[in-house]
Amino acid sequence: MYSSQKGLAAAAIRNTNTLSLSELMVKLRDLVARTLRGQFRSSEIGDPAVSISSLGDRVVESLLPDIFPLQVAIIGFGCAHRRPWADDDDAITIRQIITATLAGDHRANDGHRGALLLRRIEALPLRPEKL
């Protein structure tokens, strides 16, 4: 999370896989507000984490995020944009596309696992119940 007055802080929410979407959003709103005020806890920045960076609200189509110390990886999301797309039957249609990029610390993971993660993220909008 970024605060223009205080620099970059990559605070994390732990055990997100055990939270419902509504619980996660409550924790995220709280963490963002406290981080922007510089009031996050040391335990929220102490462990290795996978972070998400998005510049879609700034109409950036794609980004290659930098890993902040203690991060294992960071996934970057751009804004949705309309592009031609070839369907399975080779028909060309126009779709909303979001570019996702991954930067990883190779001391903690490898490109194969990163590719599997990106493929899983790609499939999630097709099955929203898995979010």
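All values derive from a computational prediction rather than experimental measurement.
Smallest separation of non-hydrogen atoms from P65 and A103: O-CB, 3.4 Å. Taking every heavy atom of both residues into account, H106 and G111 meet most closely at CE1-N, 3.7 Å. Of all heavy-atom pairs between K27 and L19, the closest is CD-CD1, 3.6 Å. Counting all heavy atoms, side chain and backbone alike, I67 lies closest to V72 at CD1-O, 4.4 Å. Scanning both residues, F77 and L63, for their nearest heavy atoms gives O-CD2, 3.1 Å.
D66 contributes atom CG, which lies 8.0 Å from atom CD1 of I74 (distance to the nearest 0.5 angstrom). For the atom pair CZ of R82 and CD of Q96, the computed distance is 6.0 Å after rounding to the nearest 0.5 Å. Atom-to-atom distance recorded for L102:CG and L116:CG is 11.0 Å, nearest 0.5 angstrom. Put simply, CZ on R29 and CG on L24 are 9.5 Å apart, with the number rounded to the nearest 0.5 Å. Atom CG of residue L64 and atom OG of residue S53 lie 10.0 Å apart, to the nearest 0.5 angstrom. The distance from the CD1 atom of I121 to the CD1 atom of I98 is 11.5 Å, given to the nearest 0.5 Å.
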| Intermediate values then yes/no, side chain to side chain contact (heavy atoms under 4.5 Å, CB included), R95 and D87 | CA-CA 10 Å; R95 288 201 178 168; D87 289 330; 2.8 Å; yes
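Residue D89 qualifies as enclosed at atom CG: its count of foreign heavy atoms under 6.0 Å is above 12. Counted within 6.0 Å of CZ on R113, heavy atoms from surrounding residues, nucleotides or ligands total 12 or fewer; the atom is thus considered open.
By the rule that hydrophobic residues join a cluster once side-chain heavy atoms approach within less than 4.5 Å of another member, M25 and L31 end up as members of one cluster.
The side-chain heavy atoms of H81 and T99, taken from C-beta on, include a pair separated by under 4.5 Å.
Remark: the backbone N or O of F40 is not paired with any side-chain donor or acceptor of T35 at under 3.5 angstrom.
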